[in-house]
Number of protein chains: 2
Amino acid sequence: MAETANDLRTLRQSREWSQGRLAQEMGVSRQTINAIETGRFDPSLPLALRLARVFGRTVEEIFALKE
Amino acid sequence: MAETANDLRTLRQSREWSQGRLAQEMGVSRQTINAIETGRFDPSLPLALRLARVFGRTVEEIFALKE
DNA sequence: ACGTTATGACAAGTGTCCTTGACACGGCGC
DNA sequence: GCGCCGTGTCAAGGACACTTGTCATAACGT
């Protein structure tokens, strides 16, 4: 227990990356990362897979289905 | 070893479901399931999560990143 | 005070996911 | 033969992911 939280923002911050830095690692724009972190939309499946991979988590751990 | 294959079509067929049946389980149209199975497009993240859940697999197991 | 960085958010445009409705084909049962 | 089912695919439209460009604000160092 006491694992690190699995929301995208926390994972990014624990690596001390800016949104812009993560965006270029993922090959998307900074606005896209910001929109995902602020919940304005879901990532596409390929982006979700890349995000999960870079943070060593499963897609399910980072992006839970609501209800 | 000798685990069942993890592509969507095989998972669906092992349950003896038609595309239409899976579609209504997932709440999408038959054409959507068909397009995903035939590789015409990727599912959205929420649909990928529901598909993984219904087949007892992780998203990563069913939908691998290409290259 | 000034410049820089990080973040949040908008607008307009493009492409993709997903819809309904349709059509064609092959396999099967009758 | 006929009908039914499962599948593949198209077209037109709506909703959403993602783009570039821009603006605003707060925090920081000098």
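Order of the sequence lines fixes the chain letters, A, B, ..., with proteins taken first and strands second; residue numbering starts at 1 for each chain.
Across all non-hydrogen atoms, the minimal contact from Phe55(A) to Leu11(A) is CE2-O, 3.5 Å.
For dG8(C), the OP1/OP2 oxygens have a side-chain nitrogen or oxygen of Asn34(A) closer than 4.0 Å. A close approach under 4.0 Å does occur between a side-chain nitrogen or oxygen of Ser44(A) and OP1 or OP2 of dC18(D).
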Sugar-phosphate means primed atoms, P, OP1 and OP2; the rest is base. With that split, encode nucleotides 19-30 of chain D 5' to 3' as B, S or - using protein heavy atoms under 4.0 Å. BBBB--------

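Rounded to whole Å, atom C1' of dC18(C) lies 15 Å from atom CG of Leu45(B). Taking atom CG on Leu47(B) and atom P on dC16(D), their separation rounds to 15 Å, with Å as the unit. Between Asp42(B) atom CG and dG15(C) atom P the separation is 17 Å, expressed in whole Å. Taking atom CZ of Arg40(A) as the reference point, atom P of dA9(C) lies 5 Å away to the nearest angstrom. Between Gln24(B) atom CD and dC18(C) atom P the separation is 17 Å, expressed in whole Å. Whole-Å rounding puts the Ile36(A) CD1 to dC16(D) P distance at 15 Å. Between the CD atom of Glu37(A) and the P atom of dA17(D) there is a distance of 16 Å, rounded to whole Å. Between the CZ atom of Arg15(B) and the P atom of dG6(D) there is a distance of 17 Å, rounded to whole Å.
In this structure, the side chain of Glu60(B) engages the main chain of Val59(A) through a donor-acceptor pair within 3.5 Å. Although no hydrogens or angles enter the test, the distance criterion places no donor-acceptor pair under 3.5 Å between the side chain of Arg15(B) and the main chain of Gln13(B). A donor-acceptor pair under 3.5 Å links the side-chain atoms of Arg50(A) to the main chain of Met26(A), judged by distance alone. Between the side chain of Thr38(B) and the backbone N or O of Asn34(B), at least one donor-acceptor pair lies under 3.5 Å.
When Gln24(A), Glu25(A), Gln19(A) are each tested for a side-chain hydrogen bond (donor to acceptor under 3.5 Å, both in side chains) with Arg21(A), only one passes: Glu25(A).
The residue Arg9(B) sits close only to the backbone: its heavy atoms come under 4.0 Å of sugar-phosphate atoms, none of a base. No engagement by Arg21(A) is indicated, since no non-hydrogen atom pair under 4.0 Å with the nucleic acid exists.
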Would you please test Glu37(B) and Arg12(B) for salt bridge (charged side-chain N to carboxylate O under 4.0 Å, His left out) and show each step? CA-CA 10 Å; Glu37(B) 285 191 358; Arg12(B) 175 179 61 80; 2.5 Å; yes

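Set against dA17(D), dC18(C), dA6(C), the side chain of Ser18(A) has dA6(C) as its closest nucleotide.
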